[in-house]
Participant: 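Take a look at the following structure, please.
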Amino acid sequence: MDNYYSPKKIEKKWQDIWDENKAFAADNDYRKPKYYALVEFPYPSGQGLHVGHPRPYTALDIVARKRRMQGYNVLYPMGWDAFGLPTENYAIQNKIHPKIVTKNNVAHFKNQLKSLGYSFDWDREINTTDPEYYKWTQWIFLKLFKAGLAYKKEMPINWCTSCKVGLANEEVVNGVCERCGSPVVRKVKSEWMLKITEYADRLIQDLDGVDYIEKVKVSQKNWIGRSEGGEVDFSIKDKEDKLRIYTTRPDTLFGVTYMVVSPEHPVIDKYKDEIKNWDEIVAYREMASRKSDFERTELAKDKTGVLLNGLTAINPLNGKEIPIWISDYVLMSYGTGAIMAVPAHDQRDWEFAKKFNLPMLQVVSGKDGAEVDVTEAPFTDVETGVLINSDFLNGLEVKDAKVKSLEFLEEKGIGTKKVNYKLRDWVFSRQRYWGEPIPIVHCDKCGFVPIDESELPLELPEVDSYMPTDNGESPLAAMTDWVNTTCPCCGGPAKRETDTMPQWAGSSWYFLRYTDPTNKEALASKEALNYWLPVDWYNGGMEHTTLHLLYSRFWHKFLYDQGVVPTKEPYQKRTSHGMILGENGEKMSKSRGNVVNPDDIVNEYGADTLRTYEMFIGAFDLSASWSEDGVKGCRRFLDRVWKLQDILVDGDAYSADMETKMHQTIKKVSNDFENLKFNTAIAAMMAILNDFYKKGEINKAEFSTLITLLNPVAPHMTEELWQNMGHTDYLYQQTWPVYEEAKTVESTVEIAVQMNGKVKAKLNVSLEDTQEQVRARVMETASVAAALEGKNIVKEIYVKGKIYNIVAK
RNA sequence: GCCGGUGUGGCGGAAUGGCAGACGCGGCAGACUCAAAAUCUGUUUGUGGCAACACAGUAUGGGUUCAAGUCCCAUCACCGGCACCA
């Protein structure tokens, strides 16, 4: 008898059968109800799969498999986000073409994913480095360019000293490169930019219409950083020019005691000749420019600055003359690069004023005239404040004063309402080889000219060296044959753009390509897009909330405006999984020596065990520590499911004593799978399994239902069990079990009888029983009678089927 | 500093305001075995008690309620994100 559970024997077998049958291919029959489940496609790194990968993949695999059994036409695809620095670096070190490195890594990843039995539609596999794919990435870029949303600009960028590449703001974390951790410095370069800021408002507003977990919405909003306020012009004494500032507190205009401009502000150079302390100014600017962004923000909480001696500003509301300072706490890149300082009501202004002994003028008092000492700390509360010392604003609450002040300014023509964002335009150039070439040509006569769409894809040329260069040029720049071309516009000599696109480009639209992955005429057909969009459920890591998610929503909205896609938003629902940590509770890493390789787990316990464990490990959205003992427990569970075969008896209906429990379990598992509560779904199956063992038998109807419920989690084993039952068809073709609500409720239930909140007895009652009937039974219970001895009943509460509580004194 | 999240047995973690600790791990005891592993059975919040049972108990302090892990107020700790954004 060799009928024992052996994953090694059965898992490969079923994977091959699914492949041969194309069991999980999405159907192109657009009349069926569809379901598009999406997980973030991986970067195929040389290290191979990490145990963190299977967590989200298994979760949505469960949803996809269940939905298929419920009759949906499910699209659950997988692909490769294969451009990127690690591949390029590996290629450089080992002198292998990045194309080859990518091919090998993809093959390895694919093998690993296949060994886990995912129901991906492998016919729709995509790869961002495939010219047939990046043709359309380039096509989208051309559309952006033609719409005026892509532009080239000389600007200080974040330059990673180690990767030798410019980074987007989003890629700089705590002043260092997100990827390699090296310091990031400012470097002025001419870079391609995308106007994501033009979509800032829509990127916030449209969050209302989608079902994202709250923290994702919040971080997107924080990142975009919308603020409402006004721009106000301050005159400069005896000059034509005005100094324009941005403020969110126009109500505090009467409290302005000085102004501050950023060291890079143009007004400084313009009035160079009139500034008496020019040497001091120059020295300060030099010092400020040498600081990295990191130093300007993280380290330099201590305010620095220099008085702009020779220029004086005038408060437009009261005509008061006020000094102008320069300080690097005012950033040229936000607002107008100049501020009005109200030290009594702003933390930073207050610190600056303290340090340089500048006057403070309180213009907001506490609620009901409550005294506030602004020499101790600034009073920044906008909820309770009331205006004082402010002429026509006196007595108003802050929010009303803001409105009135702005109205007044607009009337007088000295200010306007203004909305500002922290979000900056997206730095889109990378000085690297392994990325999509930007399909633009520069001609001295015609400027930047897009290449013709018919020339796409513009393929990456073969180069001798992929090495990044110290001068900040892309390795492509050395390829003069490729660089020198003719202008598509005038036919004269021209040069190709040599920077490539960032990794985020290919991943900003990949979910569109899955709907129609081999289309040669368009990024996908209209029919396919109309049918499949939006993605019904997208799961991915929190680390992609402000990068990938925001970028892809931006591109999608642009494509919507262009009439390419039918929906405003790409993803209807977005969830996020927690990290899998090492056994010691720390992040898995080679240096900590706590890395678990999924291959080892599959080898020793089987893919079904790994899948079950990753789903059982804990709440899906929280991080969880790996535990080898936990893995064993899940294997034990599957062994026990397997051994149910030993107590299997005939029966084509649920047995009477198990019927309620069966319906309850179907309900629990079905709901929990949809709500990311995989751990409790599995717990419910473990619980009913224990019941069957206690009973000593399980009939075929019950067994069939049980293995169907378990199938999405442990697909190989349950298919084998189905076959062992004598079926000639497949379990994945069966329909998902249904429950009847009425049958999930027990007819008799045990209730607790409490006195003053303490349990005194337990009683089996029928749900039909009235309170009077239950009361009679309660009162004749000995323990209750004893407890009531010498007490008066004050109140009685009966919660049907739950509890009977007596309040007695 | 701001925003968000989380605090429950030895551990991972369950609990639409209604019997806290489901399910799993680990431990303990037993069965099987020459023995071990595997498997099976029982037991497992703490304190006291032979026991029935009693008392305490969901980070801390208050509050609402017949009833609070769950709701409200305050505090503490940890995790994540943002951070001189005017």
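In what follows, chains carry the letters A, B, and so on, assigned in the order in which the sequence lines appear, proteins first and then strands, with residues in each chain numbered from 1.
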Participant: For A:R636 and A:A683, take the nucleotide of RNA chain B holding the closest heavy atom to each; which residue's nucleotide lies nearer the 5' end?
Facilitator: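 Looking at RNA chain B, the more 5' nearest nucleotide goes with A:A683.
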Participant: Stems involving RNA chain B: give each as a range paired with a range, ordered by first number, where a stem means at least three consecutive Watson-Crick or G-U wobble pairs under 3.5 Å.
Facilitator: B:1-7 with B:76-82, B:10-12 with B:23-25, B:26-31 with B:39-44, B:45-48 with B:53-56, B:59-63 with B:71-75
Participant: Have A:T680 and A:D672 got a donor and an acceptor in their side chains that come within less than 3.5 Å?
Facilitator: yes
Participant: If each of A:G633 and A:V218 is mapped to the nucleotide of RNA chain B with the nearest heavy atom, which maps nearer the 5' terminus, i.e. the 5' end?
Facilitator: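 The residue whose closest nucleotide sits nearer the 5' end is A:V218.
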Participant: Using a cutoff of under 3.5 Å, can you pull out all pairs of nitrogen or oxygen atoms linking the protein to nucleotides 41-43 of chain B, with atom names and distances?
Facilitator:
none

Participant: Show me the protein contacts with nucleotides 48-56 of chain B, counting only N or O atoms at under 3.5 Å.
Facilitator:
none

Participant: Identify the residue among A:K760, A:Q754, A:E796 that makes a side-chain hydrogen bond (donor to acceptor under 3.5 Å, both in side chains) with A:Y804.
Facilitator: A:E796
Participant: With sequence neighbours excluded, what pairs up with A:E741 under the side chain to side chain contact (heavy atoms under 4.5 Å, CB included) test?
Facilitator: A:K667, A:Y739, A:T744
Participant: Could you work out, with side chain to side chain contact (heavy atoms under 4.5 Å, CB included) as the rule, every residue matching A:S227, not counting sequence neighbours?
Facilitator: A:Y246, A:T248, A:Y334, A:N420
Participant: Closest to the A:S219 side chain: B:U16, B:G81, B:A86?
Facilitator: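 The listed nucleotide nearest to A:S219's side chain is B:G81.
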Participant: Between A:R635 and A:D639, is the closest basic N to carboxylate O distance under 4.0 Å?
Facilitator: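 Salt bridge: yes.
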Participant: Would one find more than 12 heavy atoms of other residues, nucleotides or ligands at under 6.0 Å from atom CD of A:E228?
Facilitator: no
Participant: Polar pairs (N or O, both sides) under 3.5 Å between protein and nucleotides 8-15 of chain B?
Facilitator:
{"from": "B:G12", "atom 1": "O2'", "to": "A:I617", "atom 2": "O", "distance (Å)": "2.8"}
{"from": "B:A14", "atom 1": "OP1", "to": "A:N679", "atom 2": "ND2", "distance (Å)": "3.2"}
{"from": "B:A15", "atom 1": "OP1", "to": "A:K677", "atom 2": "NZ", "distance (Å)": "3.0"}

